[in-house]
Amino acid sequence: MEFLNELNESQRKAVEYIDGASLVIAGAGSGKTRVLTYKIAYLLKRGLRPSSILALTFTNKAAREMKERIAEMVGVDTARYLWMGTFHAIFSRILRAEAVHIGFTKNFSIYDSADSTSLIKSLVKELKLDDKLYKHGLVHSRISYAKNNLISPNAYAANADLQKSDMYAKIPRVSEIYSLYCNRCKQADAMDFDDLLLQTNVLFRNNPTILTKYQQTFAYILVDEYQDTNFAQYLIVKKLSETHERICVVGDDAQSIYSFRGANIDNILQFKTAYHNTQTFKLERNYRSTQTIVNAANSLIDKNEKQIRKTVFSEKETGSLIHEMTAFTDLEEGILVADEIKSLHKTFAYNYSDIAILYRTNSQSRVMEDSLRKNAIPYRIYGGLSFYQRKEIKDVIAYCRLACNFNDEEAIKRIINVPARGIGDTTVGKLFDTAREQGVGAWDVLDDALRYNLPVNAGTALKLAKFKSLIALFATKKETMNAYEVVSDIVKQTGLISDAFTDKSTESLSRKDNVEELLKAIHEFCEREKVAGKDAFLPDFLSEVSLLTDQDTDKDTNSNKITLMTIHAAKGLEFKAVFIVGVEENLFPSSYSLDNDRSLEEERRLFYVAITRAEERCYISHARSRFRNGKSDFCNPSRFIKDIDPQYIESSKDIDFEPKQSRFSNWNDDMEIERKRFSGNERFKTNPVKSMPANREPQQNSLRKIGPTQQQTHAVSNDTYPIGSLVKHGVFGIGVVLETSLVNGNEKANIDFGTKGIKSLLLKFAKLEVLKN
DNA sequence: CTTAGTAGGCTTTTT
DNA sequence: GCCTACTAAG
């Protein structure tokens, strides 16, 4: 077991304890995945069969990467038999095998969130409720909450607290919708994402022999990211490990950021209560970040009440201070970030792929993008609409689903008129109403309008019947043809992308590309299975694809580009330099989180996650005004900045926002900074990593280019705003132009707004009105 | 039944 | 400001 020597002492202890329940608290960057993989390797070396080990993750990506690493250690042929995957993937596999015990078939459909939403909308309509009050998102989140907490529709209706809060929100009939929703899913032989966990619980609760079978199968259970488990997941794991209690959960309460998806931080905080004789291991050495970054993050998270106390430390160099950047507007923020990235790239030889810009909301990406594009900095945005959420992809998949499960009503609704075949909303409405009245499935009604008294004319009836026979044809083909052949056939026969030939718009071309991309993926899937000696049929592909996300489609991750993503998406990743942008009140922390401490603490953890992504340099930026929801808002710096011990931050704030300070003294500061910067640069060249000096910083960002010491600075011969002009600014009012300068080709002016102070503004953004010059 | 035009709305989103 | 989802006209 010499591989154990590659671990530090606390890691090794966590790996070697396998006799009972263990909780591994893994601080950011402390080698959590390493512990998990080595532990599995250790279990195998100790003689456990791979098929008796269950390892649960939250993403396919995490599962795949872990499996690869284990394969390297113990060989592919052993690793293959591990039960390793996401909660959803593993339990959908078990549910397919045991489906009959809970009234489903093994080919049950998986409804994605769009299907759930669509079903909820139809139910609200059917019940003639006001969709302004019964918003689908809200209703869905209530249902989801109930399912995650294993509250049945009846229990929901009987629960006084839930009823009270629904009453208060003027949506008292949610329990009714919930109940109908469950019935419809069952009729459609469909489970939504939450059902995969809920029905697993139902299965184990109602079938003790089946539970026992899996308890015996899984001799050892490991759970990654335990802080993100919800109650349904907690209970599955608890039940499966009940007899042997050989379980190891790994997580970091400080990185619990998914409560809005039902994650319950109490699962990790209370683990010791749930499992007797728990051994706790703390991984406190951070291998990722400089001491400054680790200490700053510690000082921040220290402000949270609810947490497992730990002392995360780094033995790397001190490193540079966290840099606070202040911009006037979101646009200027983009410019400052791009400027700094250029300097990191040019002067300090950072690769673009070493740098990430992280934000709280996706909408913030736009300004950053614009600025990067203008500066010809390559970037890649993660997030937004995922591949599998694209309309054309979902359409193809809906055809597949329907071919495998004729009861899948959401699939029928989605594709019955896609591509347009003259079956409109009215007809579809009649179809489902009739099916409901007659107590049959819509599928049955399709080709027998007469028998079921479907009130449509002969032409429409024919169209419906033709649609049915088309799907029935695919259903027959799937019995003999492999997944790739069937789906190519579907795409060809339905004409889903044929309009791309007539329509040359980039839009339809990209749709065509996407469908081809999907076909390629299916082809690869079939080839993979063939290598493993299996034939891949449509249901096999379907059960895999329903649980796939965009993160699994990652390509060109190796290219040298800046990463732009939300902080949520950045969890688990690391970059040499990280820019956290828009760190302002009401944005971060989000205004939605301000009314209770629990969610405010979660926002703080989110900020903690953001900071701890950085290995060497971390920038925190905020703007004084920001364009949001169509209008410009004033912004104050986030309270979280004050939560960080000031000794770890340096800031450009004083320079930009100290109107009382005289220009003269600023100049002095500025020159001092420039001097330090210069000497810092020189040192840096000889040793790029270690001597990253804290003082070579962009804190002069807005002023260094104005100060006389800067060589790139040129006075602007400016006709529009000569010195002494009287100008009017939308926010600051009337001011006098003191001086102008050129900053990377952008004109900048220092303007005295009297009581509002002296501001340094970029003229192209400031929208100044000249009153007198 | 399809298309265009507008009103509303707005966090994060491992599956 | 931008996207979606519903409504009114073709």
Side-chain angles (χ1 to χ4, degrees), chain A residues 56-64 85-92 110-114 116-118 121 125 131-132 135-138 140-141 144 147-148 191-197 224-225 227-230 232-233 255-263 330 358-367 382-386 388-389 391 417 419-429 459-460 463 543-552 565-573 582 586-594 599 602-603 605-607 609-610 626-632:
Chain A
L56 297 164
T57 64
F58 275 80
T59 64
N60 296 304
K61 197 178 158 202
R64 196 175 49 237
T86 64
F87 273 91
H88 291 81
I90 295 287
F91 294 112
S92 74
I110 295 176
Y111 276 179
D112 66 16
S113 4
S116 303
T117 293
S118 153
K121 272 193 217 160
K125 207 170 210 169
D131 58 6
K132 297 256 157 50
K135 292 186 204 139
H136 58 259
L138 183 62
H140 189 202
S141 78
S144 187
K147 288 187 170 188
N148 288 159
M191 296 195 199
D192 65 15
F193 287 138
D194 300 325
D195 280 329
L196 296 175
L197 307 173
D224 189 16
E225 306 278 16
Q227 76 280 359
D228 289 332
T229 51
N230 62 34
Q233 289 162 325
Q255 294 185 67
S256 164
I257 54 173
Y258 279 104
S259 77
F260 67 94
R261 290 187 45 85
D330 47 350
L358 307 181
Y359 33 77
R360 178 67 242 265
T361 65
N362 280 307
S363 59
Q364 288 166 257
S365 70
R366 187 167 225 98
V367 235
Y382 292 75
L385 194 60
S386 99
Y388 292 99
Q389 284 173 9
K391 184 188 175 298
N417 199 31
R421 46 173 76 86
I423 305 171
D425 289 347
T426 328
T427 307
V428 176
T460 309
K463 288 173 190 164
S543 50
E544 167 147 323
V545 83
S546 331
L547 299 173
L548 244 40
T549 58
D550 213 34
Q551 304 226 318
D552 306 311
M565 54 170 55
T566 63
I567 300 161
H568 282 91
K571 198 174 127 200
L573 305 178
N586 294 318
L587 183 59
F588 195 12
S590 151
S591 51
Y592 293 80
S593 70
L594 299 180
S599 55
E602 177 151 321
E603 293 280 309
R605 291 194 293 270
L606 190 58
F607 195 37
V609 168
R626 176 174 300 278
F627 223 71
R628 267 223 287 177
N629 301 340
K631 51 168 171 278
S632 188

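Please read all numbers here as calculations on a predicted model, not as lab measurements. Chain letters run A, B, ... following the sequence lines, proteins first, then strands; residues in each count from 1.
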Answer yes or no: is there a side-chain heavy-atom contact under 4.5 Å between [X] and [Y]?
{"X": "A/Leu587", "Y": "A/Gln364", "answer": "yes"}
{"X": "A/Ser546", "Y": "A/Asp112", "answer": "no"}
{"X": "A/Tyr359", "Y": "A/Ile567", "answer": "no"}
{"X": "A/Thr229", "Y": "A/Phe58", "answer": "yes"}
{"X": "A/Tyr258", "Y": "A/His568", "answer": "yes"}
{"X": "A/Ser590", "Y": "A/Glu603", "answer": "yes"}
{"X": "A/Thr86", "Y": "A/Phe91", "answer": "no"}

Would you indicate what [X] reaches in the nucleic acid, counting non-hydrogen atoms under 4.0 angstrom: base, sugar-phosphate, or nothing?
{"X": "A/Thr361", "answer": "sugar-phosphate"}
{"X": "A/Arg628", "answer": "nothing"}
{"X": "A/Ser591", "answer": "nothing"}
{"X": "A/Ile257", "answer": "nothing"}
{"X": "A/Gly630", "answer": "base"}
{"X": "A/Ala263", "answer": "nothing"}
{"X": "A/Glu603", "answer": "base"}

Just N and O in the side chain of [X]: are any of them under 4.0 Å from OP1 or OP2 of [N]?
{"X": "A/Ser92", "N": "B/dT15", "value": "no"}
{"X": "A/Ser113", "N": "B/dT15", "value": "no"}
{"X": "A/Asn362", "N": "C/dC2", "value": "no"}
{"X": "A/Asn60", "N": "B/dT15", "value": "yes"}
{"X": "A/Asn417", "N": "B/dT2", "value": "yes"}
{"X": "A/Thr427", "N": "B/dC1", "value": "yes"}

From [options], nucleotide with atom closest to [X] side chain:
{"X": "A/Phe58", "options": "C/dG1, B/dT14, B/dT12", "value": "B/dT14"}
{"X": "A/Thr566", "options": "B/dT13, B/dT15, B/dC10", "value": "B/dT13"}
{"X": "A/Lys121", "options": "C/dA5, C/dC2, B/dT2", "value": "C/dA5"}
{"X": "A/Lys135", "options": "B/dT11, B/dC10, B/dT15", "value": "B/dC10"}
{"X": "A/Arg366", "options": "B/dC10, C/dC2, B/dT15", "value": "C/dC2"}
{"X": "A/Thr59", "options": "B/dT11, B/dT15, B/dT13", "value": "B/dT15"}

Which residue lies toward the 5' end of DNA chain B, A/Ile567 or A/Gly422, if each is placed at its nearest nucleotide?
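That would be A/Gly422.
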Residue whose nearest DNA chain B nucleotide is more 5′ - A/Glu225 or A/Lys132
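On the 5' side of the pair lies A/Lys132.
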Mind calculating the distance between [atom1] ([X]) and [atom2] ([N]) to the nearest angstrom?
{"X": "A/His140", "N": "B/dT13", "atom1": "NE2", "atom2": "C1'", "answer": "12 Å"}
{"X": "A/Arg360", "N": "B/dT12", "atom1": "CZ", "atom2": "P", "answer": "7 Å"}
{"X": "A/Phe588", "N": "B/dT12", "atom1": "CZ", "atom2": "P", "answer": "13 Å"}
{"X": "A/Gln389", "N": "B/dT12", "atom1": "CD", "atom2": "P", "answer": "12 Å"}
{"X": "A/Asp425", "N": "C/dC6", "atom1": "CG", "atom2": "P", "answer": "10 Å"}
{"X": "A/Phe627", "N": "C/dC2", "atom1": "CZ", "atom2": "C1'", "answer": "12 Å"}
{"X": "A/Tyr258", "N": "B/dT13", "atom1": "OH", "atom2": "C1'", "answer": "6 Å"}
{"X": "A/Arg605", "N": "B/dT12", "atom1": "CZ", "atom2": "P", "answer": "18 Å"}

Between the base of B/dT15 and the side chain of A/Arg261, is there any donor-acceptor pair under 3.5 Å?
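Counting by modelled atom types and ignoring angles, a donor-acceptor contact under 3.5 Å is found here.
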Return the stacking result for B/dT15 and A/Phe87: yes when the ring centres lie under 5.5 Å apart and the planes under 30°, no otherwise.
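Base of B/dT15: not stacked against A/Phe87.
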Compare the aromatic ring of A/Phe260 with the six-membered base ring of B/dT12 and state whether they stack according to the 5.5 Å and 30° rule.
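Stacking is present between B/dT12 and A/Phe260, given that their ring centres fall under 5.5 Å apart and the planes under 30°.
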Identify, between A/Asp131 and A/Asn629, the residue whose nearest nucleotide on DNA chain C lies closer to the 5' end.
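Residue closer to the 5' terminus by nearest nucleotide: A/Asn629.
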Between C/dT4 and B/dT13 - P atom distance, rounded Å
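15 Å, rounded to whole Å.
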Test log, rule salt bridge (Lys or Arg N to Asp or Glu O under 4.0 Å), inputs A/Lys147 and A/Asp195:
CA-CA 7 Å; A/Lys147 288 187 170 188; A/Asp195 280 329; 2.9 Å; yes
